[in-house]
Amino acid sequence: MEELKINPGRLIFGLSRIGYTTSSALCDIIDNSVRASANKIHLIVKKEREDFSDQRKNNISQYVIIDNGLGMDDQGIRNALILGSSDADYEDSSLSKFGLGMKSAAFSQGDILEIISSKGGNEFNKFTLSLTEIISKDTYFATKSDLNDEDNKLIAEFLLEGKGTIIRIKGIRKNNHPSVRNTITELKTKIGAIYYYFIENNGLEISINQDIKIEAFDPLFTMEADINGNLDENNWDGEEVKWIEKQQELTLDDELGIKIKIEITQLPYPPIFKFKEKGGDKRIREKYNIGSGNYGFYVYRNNRLISWASQLDGIMPLDQDFYSFRARLIIGDEADDFFNIDVKKSHITLSEEALQVINDFVWDAKAKSKLAWQSANIYRKSILNREPNELANIIINDFNQTELLPGDELISEEDALERMSLIKSDMIANLSDFAKMAFEDKGEVIDENNLTPEQKEYAITGDIKNPNLKKIFRVTSVLDNHLWEPYYDTDLGTCVRINKYHIFARLIYEKNSENIGLQIIFDLMLLQFAEAEVYAYKNIGKYKYEELMTILKEFRRICSDFLANMCRKLENDLPPNFKEND
């Protein structure tokens, strides 16, 4: 056997560059405090210059983690500083795996690691690791030193029982290091989620700079799901957290008895809250942490979050329709062979067996989640469509179009009465057809020739619950699938029924759903088309009524077909896809 030399400085420097973020590095160190049975952990973020704003980058001088756990004696600290500590130092349910975490995490942020600890009786020992000195002397070593005034002050303030541990990271690198504000903001959510079970169930208290108490943060919001029940993906309004799958046990290996637990929830659909309160969608995104980097699988090992919103080797697609999908996998260290966990405990790679079992189980859950998101989006669009429709009706409510255009001759009273009789007769005939179509869509059978007032109103307007809809009605069906058609009776006057499923109407109402002004103008324009048609029937005496009826209906047909054809052929060139500079 030939022993080969190790360059300790380069080794430690390499370990410090394995991809830690500031929050993941600090949490890796906090793991040691949790493992040491601490119930109070204090994280102190010290600024380089107190006069600088918390938003300023590169202004952190040190991080200090203090816990009231079991602590370590002189030899215990020495063992903790060994690279690749012995397996004997870690119990079966430990949060640690490799004996590298504290060292690699600390040196990912700064050049100096200090450990101060005591098992009791105020017998505190202090050791220091300096990356620059290790590199300089080409030797991995620690220096034991006496406590200074700052050390004694921390012990007196936080470790009154004479035991516990202080970890100090100094020499923080000033290469685009995050600000105090960003660091604390991220830590508040990440720590609350990573140690959710310890805070919620074990009474663990974690604070930042003493005045910020970390609250348990459940990424799945299962307590809300317990209240709201199971997801109905076809009729979800997007407003509540729902269960997709309550906690179940999956077997990864029958022979070895390897099992995991899984649970899945559907979080709210933020855009729907735009209609409930100003900035409601932003509030919901922040409350539930909904975004591109936060959906997928949250994997907990021994009750500690080790993987945040993982796609699990592609099980979770990169698709916005899954933004509300949250799954939790709960594993123990006995399943480590099936979940390859990296040193920094932030990424896992599944074995083929685990991949297949989990993928098969979540197949239906993913389909439900995506369909629910799409259902909520359809519901949102129906609200968007309804509100501009209401505004258009309110705008036009007190407006009366001119009785006779300049240049048109007033027809005789006898002819006017005859024409009004013909219009009403035709509209009554149309009403029977409206009713038949409307109630067939609902799966109801009615006598369209003897309609109740409610049935008549529904047949005309498609909505009997909204008193603001008085002249402009967006309906699901129009005779001959035209884009619009006029309707006239004594009570309503001249109205317009707009076929909201016509491809041109869908371009306006759905694809340009955020453009409320466009929708209002479109509604008002079609109302004037309807008003113009009824005006012609009543007032243009030089043409026979039947001729006008035929010609104007043909115009509606041709216009509707032309618009539909344009939409099909220019689908990718019309707003909202159109760009001015293309």
Side-chain angles (χ1 to χ4, degrees), residues 237 271-272 274-275 374-397 399 401 427 430-431 433-444 451 454-489 491-534 553 556-557 559-561 563-564 566-567 574-576:
D237 60 12
I272 209 70
K274 278 187 176 181
F275 311 111
Q374 293 171 344
S375 295
N377 188 36
I378 292 171
Y379 176 60
R380 178 187 70 90
K381 288 178 178 178
S382 73
I383 294 176
L384 273 173
N385 291 341
R386 187 173 70 235
E387 290 197 347
N389 192 204
E390 289 182 31
L391 289 172
N393 275 276
I394 292 169
I395 289 170
I396 205 69
N397 187 47
F399 172 77
Q401 187 55 271
M427 294 300 166
N430 288 345
L431 179 58
D433 292 331
F434 298 163
K436 185 176 181 181
M437 290 188 296
F439 287 97
E440 276 183 356
D441 286 346
K442 296 177 66 177
E444 297 180 18
L451 299 173
E454 292 79 11
Q455 288 173 333
K456 174 185 173 183
E457 184 177 357
Y458 183 81
I460 297 169
T461 69
D463 189 343
I464 61 173
K465 299 177 182 178
N466 194 337
N468 289 324
L469 304 183
K470 297 179 178 179
K471 298 185 78 65
I472 305 169
F473 311 119
R474 298 179 186 176
V475 297
T476 58
S477 54
V478 168
L479 297 178
D480 300 318
N481 199 35
H482 292 176
L483 172 59
W484 82 96
E485 64 190 354
Y487 179 78
Y488 176 89
D489 72 14
D491 296 329
L492 296 172
T494 301
C495 307
V496 65
R497 302 178 75 251
I498 303 172
N499 181 2
K500 65 181 181 182
Y501 287 160
H502 187 279
I503 190 171
F504 189 78
R506 293 181 70 174
L507 172 68
I508 300 293
Y509 298 144
E510 295 180 17
K511 292 190 177 181
N512 290 277
S513 59
E514 304 292 337
N515 194 337
I516 294 176
L518 174 65
Q519 294 181 54
I520 292 172
I521 292 295
F522 180 67
D523 282 356
L524 295 176
M525 180 185 72
L526 291 187
L527 175 62
Q528 296 315 302
F529 285 1
E531 292 262 24
E533 191 169 337
V534 173
K553 186 174 181 181
R556 268 190 279 127
R557 177 185 67 83
C559 187
S560 298
D561 286 348
L563 286 169
M566 179 192 73
C567 288
L574 298 170

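Numbers here simply count residues along the sequence, with the first being 1.
- Pairing each heavy atom of A438 with each of Y458, the nearest pair is CB-CE2, 3.9 Å.
- The 12-atom threshold is not exceeded at OH of Y501, counting heavy atoms of other residues, nucleotides or ligands nearer than 6.0 Å.
- F473 is not listed as a side-chain neighbour of N389, based on a closest heavy-atom distance of 4.5 Å or more.
- Using a 4.5 Å cut-off on side-chain heavy atoms (C-beta onward), I472 and L526 make no contact.
- A search for ring-ring contact (aromatic ring centres under 6.0 Å, His included) contacts involving F522 returns F504, Y509, not counting sequence neighbours.
- When side chains are defined from C-beta on, Q401 counts as touching F399, because their heavy atoms get closer than 4.5 Å.
- Under a 3.5 Å cut-off, the side chain of D480 and the backbone N or O of H482 do not form any donor-acceptor pair.
- When side chains are defined from C-beta on, Q519 does not count as touching E387, because their heavy atoms never get closer than 4.5 Å.
- For K471 (side chain) and V496 (main-chain N/O), no donor-acceptor pair under 3.5 Å exists by modelled atom type.
- The backbone N or O of H502 lies less than 3.5 Å from no partner atom in the side chain of N481, so there is not a single donor-acceptor pair.
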Practice prompt. Step by step, work out the side chain to side chain contact (heavy atoms under 4.5 Å, CB included) result for E457 and L469.
Written response: CA-CA 11 Å; E457 184 177 357; L469 304 183; over 6 Å; no

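- Annotation: side chain of I272 is not in contact with side chain of D237 (no heavy-atom distance under 4.5 Å).
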